[in-house]
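For clarity, every value in this text was computed on a predicted model and none was experimentally measured. These numbers come from the heavy atoms of this one structure, side chains and all, not from hydrogens, waters or symmetry mates.
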Amino acid sequence: MNKGFGIAALVLAIIAIFVPFYGLWVSGIACALAVAAALAGDRIFAVATPIIAGVNTYFLSPAISYVLTQDRTGQLIVLLFLAAPFVAIALNAFGAFRIGSTATR
């Protein structure tokens, strides 16, 4: 389950590069899938997805870079979506939250 979410997130992040107007929304969905993958135990795809989405958002979207320099709320939302997979990796690594595994004592 974790690799499936991770691969889907990575594919969506790559597709978002080529989608003209809705690419940022697709990047947001990709980051949400990366969070699910990270909570299920994946590390590789959960790290690669927000990096690709961040490059897409900050360097390959000229309109959004102008908006992000003018609006602090937009910056916060983008940073939350890009940081969420890393927080999910930390939560899974410390055992605080996991998807798809049973608790053993």
Side-chain angles (χ1 to χ4, degrees):
M1 180 170 87
N2 58 357
K3 296 292 182 195
F5 279 131
I7 291 171
L10 189 65
V11 167
L12 280 178
I14 292 171
I15 288 173
I17 293 172
F18 301 106
V19 176
F21 296 108
Y22 299 106
L24 296 173
W25 291 100
V26 176
S27 291
I29 294 169
C31 285
L33 282 174
V35 167
L39 290 176
D42 181 41
R43 301 279 191 281
I44 301 297
F45 297 119
V47 168
T49 298
I51 291 172
I52 292 172
V55 167
N56 180 24
T57 301
Y58 285 109
F59 298 117
L60 301 177
S61 298
I64 197 68
S65 64
Y66 174 74
V67 170
L68 290 179
T69 59
Q70 304 299 321
D71 183 22
R72 296 286 182 197
T73 306
Q75 286 179 350
L76 180 65
I77 291 171
V78 168
L79 288 176
L80 284 176
F81 268 100
L82 294 177
F86 297 109
V87 173
I89 288 172
L91 287 174
N92 185 279
F94 293 125
F97 195 83
R98 294 179 186 205
I99 294 178
S101 65
T102 59
T104 58
R105 292 187 181 216

Does [X] belong to the same Ile/Leu/Val/Met/Phe/Trp/Tyr cluster as [Y], with side-chain heavy atoms less than 4.5 Å apart forming each link?
| X | Y | result |
| --- | --- | --- |
| Phe5 | Val26 | yes |
| Val11 | Val19 | yes |
| Leu33 | Val87 | yes |
| Leu24 | Leu82 | yes |
| Ile17 | Ile7 | yes |

For the residue pair [X] and [Y], what are the closest heavy atoms and their distance?
| X | Y | result |
| --- | --- | --- |
| Ala30 | Leu12 | CB-CB, 3.8 Å |
| Pro85 | Val35 | N-CG2, 3.7 Å |
| Gly6 | Ala37 | N-CB, 3.4 Å |

Separation of [Y] [atom2] from [X] [atom1] (nearest 0.5 Å):
| X | Y | atom1 | atom2 | value |
| --- | --- | --- | --- | --- |
| Ile89 | Phe94 | CD1 | CZ | 12.0 Å |
| Phe18 | Leu60 | CZ | CG | 9.0 Å |
| Asn56 | Ile15 | CG | CD1 | 12.0 Å |

How would you list all residue pairs meeting salt bridge (Lys or Arg N to Asp or Glu O under 4.0 Å) that involve residues 30-40, not counting sequence neighbours?
none

Under 3.5 Å, which donor-acceptor pairs link side chains of residues 39-54 to any protein atom two or more places apart or in another chain?
{"residue": "Asp42", "atom": "OD1", "partner": "Lys3", "partner atom": "NZ", "Å": "3.2"}
{"residue": "Asp42", "atom": "OD2", "partner": "Phe45", "partner atom": "N", "Å": "3.2"}
{"residue": "Asp42", "atom": "OD2", "partner": "Ala46", "partner atom": "N", "Å": "3.4"}
{"residue": "Arg43", "atom": "NH1", "partner": "Gly41", "partner atom": "O", "Å": "3.4"}
{"residue": "Thr49", "atom": "OG1", "partner": "Leu10", "partner atom": "N", "Å": "3.4"}
{"residue": "Thr49", "atom": "OG1", "partner": "Phe45", "partner atom": "O", "Å": "2.8"}

